[in-house]
Amino acid sequence: MSTDAELTSFAGAALTLDAGLEAVLELVESVVGEAFGLAERVANQVSEVFAGQDRVRRGDLTGVATIVHPALTDPDGRIQGAGFVAAVDALADSRWWLEWFMLSNGSAERLLVDTDPRGENFYDYESLPWYDVPRTTGRRHITGPYVDYLCTDDYTLTFTVPVLAGERFVGVAGADVRVFTFEKAVLPCLRATRRTVAIVNDQGRVVLSNSARHVSGTLLRSPSPSYPIDDMPLSLVDLS
């Protein structure tokens with residue numbers, strides 16, 4: 001966690017921290033770190049697969065499930081879905097592929113989508129932010145809150161990181177967390193600050209706040225005192 005008393009982020013002037021806001025930062029870093037930590041473990045595993053052979057096939061990605069399944073079924077965990085999404089033509093036996101799993105009725109199940117470009121319900125993920133931003137920037141990204149009709153059918157945050165084989169981009173690894181789950185973990189701490197504050201993504205959109213006027217998804221249009229949350233694409237913003 002950052003130790004400076006004041007920092008300035010995209011939203012406006014610096015926000016001075018007190019003990020209550022410090023507690024919020026630590027909790028958010030813990031929750032977000034769980035999702036990004038899982039994504040990084042998947043990314044490392046897939047990178048090792050690509051480093052060890054010239055022609056990687058879908059069957060070579062079984063290690064993804066080994067990492068993801070325990071996280072999805074952990075009764076104390078917060079992850080709703082996770083896995084690897086391959087770059088187009090990265091795999092030898094499939095141009096498009098999602099090695100992705102989701103929690104369903106207490107167990108981890110594979111996400112089934114149409115990866116045939118000729119199919120009526122073909123899932124073209126190349127232009128979606130959770131895929132495109134890590135690919136184009138080389139940095140981890142948080143997408144949302146948005147309604148994920150494919151996996152959770154609920155307001156969701158998707159945490160993704162680029163997966164590289166040497167310097168070659170081969171896809172993204174990621175994890176989904178329901179906004180409800182994030183709210184359940186963080187909102188009590190936000191309320192305890194006795195200030196009107198919000199967690200905001202790097203597009204200025206509210207992820208979570210303790211204000212009824214600033215629900216998840218609200219776009220902040222005016223600068224507010226803020227504090228970046230570690231090296232994550234999130235800030236703590238004072239809405240008072």
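Residues take their numbers from the sequence shown, with the count starting at 1. Being a predicted model, the structure only gives us computed values, none of them experimental.
- The closest side-chain donor-acceptor pair between T156 and D176, if any, does not fall under 3.5 angstrom.
- Residues Y155 and V215 do not share a hydrophobic cluster, defined by chaining ILVMFWY side chains whose heavy atoms lie under 4.5 Å apart.
- Of the possible polar contacts, none joining the S209 side chain to the V206 backbone as a donor-acceptor pair under 3.5 Å is found.
- Ion pairing of D132 with R135 is present here, as a side-chain N (NZ or NE/NH1/NH2) and a carboxylate O approach within less than 4.0 Å.
- Note that the CG atom of L21 and the CD atom of E26 stand 11.5 Å from one another [nearest 0.5 Å].
- The backbone N or O of V207 lies less than 3.5 Å from a partner atom in the side chain of S216, making a donor-acceptor pair.
- Taking both residues in full, the closest heavy atoms of A39 and G174 are given as CB-CA, 3.8 Å, listed atom of the first, atom of the second, then distance.
- A cation-pi contact links R140 to F36, judged by a cut-off of 6.0 Å to the six-membered ring centre and 45° from its axis.
- Clustering ILVMFWY residues whenever any of their side-chain heavy atoms sit less than 4.5 angstrom apart, transitively, puts V68 in the very cluster that holds V32.
- In terms of heavy atoms, S211 sits closest to T196 at CB-CG2, 3.6 Å.
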Given L234 and V200, is the side chain to side chain contact (heavy atoms under 4.5 Å, CB included) satisfied, shown in steps? CA-CA 6 Å; L234 293 171; V200 178; over 6 Å; no

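- Connection of L187 to V24 is established within a shared hydrophobic cluster, with ILVMFWY side chains joined at heavy-atom distances below 4.5 Å, either directly or through further cluster members.
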I'd like to know whether F101 forms a side chain to side chain contact (heavy atoms under 4.5 Å, CB included) with I67, so could you lay out the CA-CA distance, the side-chain angles of the two residues, the decisive distance to 0.1 Å, and finally the verdict. CA-CA 11 Å; F101 303 87; I67 295 171; over 6 Å; no

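- Salt bridge R178/D148: absent, no basic N to carboxylate O contact under 4.0 Å.
- For the 3.5 Å distance criterion, the side chains of Y131 and T143 fail to qualify, holding no donor opposite an acceptor.
- Annotation for R191: atom CZ does not count as buried by contact number, only 12 or fewer foreign heavy atoms lying within 6.0 Å.
- Remark: side-chain polar atoms of S47 are paired, donor with acceptor, to backbone N or O of L164 under 3.5 angstrom.
- Among all heavy-atom pairs drawn from V177 and I79, the shortest one is CG2-CD1, 4.0 Å.
- When atom types are taken as modelled, the side chain of E34 and the backbone of R78 share a donor-acceptor pair closer than 3.5 angstrom.
- Note that the CG atom of L220 and the NE2 atom of H214 stand 6.0 Å from one another [nearest 0.5 Å].
- Checked by atom type and distance alone, the side chain of T160 pairs as donor or acceptor with a backbone atom of W130 at under 3.5 Å.
- By the 4.5 Å heavy-atom criterion applied to side chains, Y227 and S235 are not counted as neighbours.
- Between Y123 and D114 the shortest side-chain heavy-atom distance does not fall below 4.5 Å.
- Here the closest non-hydrogen pair linking Q53 and V56 is CG-CG2, 3.7 Å.
- Annotation: side chain of V161 is not in contact with side chain of V42 (no heavy-atom distance under 4.5 Å).
- L157 and Y149 fall within a single hydrophobic cluster, where Ile, Leu, Val, Met, Phe, Trp and Tyr side chains are chained together by heavy-atom contacts under 4.5 Å.
- Here the CG-OG distance, from L25 to S30, works out to 12.5 Å after rounding to the nearest 0.5 Å.
- The backbone N or O of L103 lies less than 3.5 Å from a partner atom in the side chain of Q80, making a donor-acceptor pair.
- For F84 and Y125, the ring centers are positioned 6.0 Å apart or more.
- Among all heavy-atom pairs drawn from G106 and T73, the shortest one is O-CG2, 3.8 Å.
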Begin from the C-alpha positions of L38 and E40 and carry the test side chain to side chain contact (heavy atoms under 4.5 Å, CB included) through to its verdict. CA-CA 5 Å; L38 177 60; E40 291 286 0; over 6 Å; no

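- By the 4.5 Å heavy-atom criterion applied to side chains, M102 and R110 are not counted as neighbours.
- Taken together through direct or relayed side-chain contacts under 4.5 Å among Ile, Leu, Val, Met, Phe, Trp and Tyr, W100 and W97 form parts of separate hydrophobic clusters.
- By the side-chain contact (heavy atoms from CB on, under 4.5 Å) test, V88 pairs with R95, W96, E126, sequence neighbours left out.
- Closest approach of R205 to G217, counting heavy atoms only: NH1-O, 2.7 Å.
- Note that CG of L208 is 14.0 Å distant from NZ of K184, once rounded to the nearest 0.5 Å.
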Test side chain to side chain contact (heavy atoms under 4.5 Å, CB included) on T158 and Y146 and set out the steps. CA-CA 9 Å; T158 297; Y146 70 103; 2.7 Å; yes

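- Annotation: side chain of F159 is not in contact with side chain of H141 (no heavy-atom distance under 4.5 Å).
- More than 12 heavy-atom neighbours from other residues, nucleotides or ligands sit within 6.0 angstrom of CZ on F122.
- In this structure a side-chain-to-backbone donor-acceptor pair under 3.5 Å is present from N210 to L190.
- Distance check: L91 CG to D60 CG gives 8.5 Å after rounding to the nearest 0.5 Å.
- Heavy-atom neighbours of R139 CZ from other residues, nucleotides or ligands within 6.0 Å: at or below the threshold of 12.
- Side-chain N or O atoms of N121 include none that pairs as donor or acceptor with a backbone N or O of V113 at under 3.5 Å.
- The distance from the OG1 atom of T193 to the CD atom of E22 is 13.0 Å, given to the nearest 0.5 Å.
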